[in-house]
Amino acid sequence: MHIISKILIVIIALLHLYFLWLEMFAWTTAAKKVFRTIPEDLFEKTKVLAANQGLYNGFLSAGLLWSLAISDEIWSQNIAIFFLCCVAVAGIFGAYSASKKIFYVQALPAIIAILSLLFLK
């Protein structure tokens with residue numbers, strides 16, 4: 001796997017760990033500053049839902065980091081592509097259903113990383 005692809009995967013994994021932290025542990029505090037379009041009274045009411053969402057972001061991050069730990073190059077790339085596709089689909093759906101900004105924050109980096117895996121050798 002090319003070093004640029006690895007760097008992109010690490011960045012995306014760290015981003016999803018940040019989402020995990022925001023949604024699971026800081027939903028009623030720091031997340032209010034990040035998700036400004038959500039009315040303040042909804043944060044406490046949606047705390048459990050956000051934590052569930054954060055857990056899924058953690059799974060995405062774990063899968064991406066796992067792909068970097070696999071010694072077989074083809075297997076490593078396939079796992080990375082799978083989890084990056086999951087991130088891209090989640091980002092596209094988020095852009096469609098919640099905010100266009102999600103495409104640029106989540107889907108676009110994953111798409112760029114997928115392209116780097118496919119075309120940088």
Side-chain angles (χ1 to χ4, degrees):
M1 196 181 303
H2 197 275
I3 189 71
I4 291 174
S5 300
K6 289 180 180 181
I7 291 169
L8 290 170
I9 290 169
V10 168
I11 290 169
I12 294 166
L14 291 174
L15 186 62
H16 281 78
L17 283 176
Y18 174 66
F19 297 155
L20 173 145
W21 174 76
L22 271 178
E23 294 168 347
M24 292 188 81
F25 305 110
W27 187 247
T28 58
T29 56
K32 291 179 181 181
K33 296 177 184 99
V34 175
F35 301 103
R36 291 185 216 120
T37 59
I38 298 174
E40 191 165 337
D41 65 309
L42 289 181
F43 282 92
E44 191 61 44
K45 295 174 188 174
T46 59
K47 189 175 180 176
V48 174
L49 294 172
N52 191 334
Q53 223 171 256
L55 185 63
Y56 290 115
N57 279 305
F59 292 146
L60 292 172
S61 182
L64 290 169
L65 294 173
W66 171 44
S67 76
L68 297 175
I70 297 169
S71 59
D72 182 270
E73 198 68 29
I74 294 170
W75 181 239
S76 174
Q77 182 171 327
N78 289 340
I79 295 298
I81 288 172
F82 171 78
F83 280 98
L84 288 167
C85 284
C86 291
V87 170
V89 169
I92 290 166
F93 183 75
Y96 168 76
S97 63
S99 168
K100 303 285 184 249
K101 181 180 175 184
I102 295 172
F103 178 82
Y104 300 103
V105 172
Q106 189 173 8
L108 188 59
I111 293 166
I112 292 169
I114 292 166
L115 293 173
S116 78
L117 284 168
L118 295 174
F119 298 111
L120 295 179
K121 299 289 177 181

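Reckoned from all heavy atoms, side chains included, excluding hydrogens, waters and symmetry mates.
- Proximity of Trp27 to Ile38: side-chain heavy atoms (C-beta onward) are separated by under 4.5 Å at one or more points.
- Annotation: the span from Leu64 atom CG to Leu17 atom CG amounts to 9.5 Å, rounded to 0.5 Å.
- Separating the CG atom in Leu14 from the CZ atom in Phe19 is a distance of 11.5 Å, to the nearest 0.5 Å.
- The minimum heavy-atom distance between Asn57 and Gln106, with the atom names listed, is OD1-NE2, 4.3 Å.
- Counting only heavy atoms from C-beta outward, the side chains of Ser116 and Ile112 never approach each other to under 4.5 Å.
- The same ILVMFWY cluster, assembled from side-chain heavy atoms under 4.5 Å apart, contains both Ile92 and Val87.
- Residues Leu20 and Val10 do not share a hydrophobic cluster, defined by chaining ILVMFWY side chains whose heavy atoms lie under 4.5 Å apart.
- In terms of hydrophobic clustering, with Ile, Leu, Val, Met, Phe, Trp and Tyr side chains grouped at heavy-atom distances under 4.5 Å, Leu84 and Ile70 are assigned to a common cluster.
- For the atom pair Glu23 CD and Lys47 NZ, the distance stands at 14.0 Å (nearest 0.5 Å).
- Contact of the Leu118 side chain with the Gln77 side chain is registered, since non-hydrogen atoms from C-beta on lie closer than 4.5 Å.
- Between Asn52 and Tyr56, the shortest heavy-atom contact is OD1-CE1, 2.6 Å.
- For the atom pair Phe83 CZ and Asn78 CG, the distance stands at 12.0 Å (nearest 0.5 Å).
- Environment of NZ in Lys32: crowded, with over 12 heavy atoms of neighbouring residues, nucleotides or ligands closer than 6.0 Å.
- Between Leu65 and Ser61 there is a side-chain heavy-atom pair separated by less than 4.5 Å.
- In the hydrophobic cluster analysis, where Ile, Leu, Val, Met, Phe, Trp and Tyr join through side-chain heavy atoms closer than 4.5 angstrom, Leu60 is grouped together with Leu68.
- Ring-plane geometry between Phe93 and Tyr96 is classed as tilted, the angle between the planes lying from 30 to 60 degrees on a 0 to 90 degree scale.
- A donor-acceptor distance shorter than 3.5 angstrom exists from the side chain of Thr46 to the backbone of Leu42, with no hydrogens or angles considered.
- Contact check for Phe103 versus Ile111: side-chain heavy atoms found under the 4.5 Å cut-off.
- Within the 4.5 Å cutoff, the side chain of Tyr18 has heavy atoms near those of the Val34 side chain.
- You'll find the side chain of Leu15 reaches within 4.5 Å of the side chain of Val105, heavy atoms only.
- Interatomic distance, OG of Ser67 versus CD1 of Ile81, reported as 9.5 Å (0.5 Å rounding).
- Using a 4.5 Å cut-off between side-chain heavy atoms of Ile, Leu, Val, Met, Phe, Trp and Tyr, with links allowed through other members, Leu55 and Phe25 fall into the same hydrophobic cluster.
- The shortest heavy-atom contact between Ile12 and Pro109 is CD1-O, 3.4 Å.
- Taking CD1 from Ile9 and CD1 from Ile114, the interatomic distance works out to 9.5 Å, rounded to the nearest 0.5 Å.
- Shortest non-hydrogen contact noted between Leu117 and Ala80 is CD1-CB, 3.8 Å.
- Phe35 is listed as a side-chain neighbour of Leu22, based on a closest heavy-atom distance under 4.5 Å.
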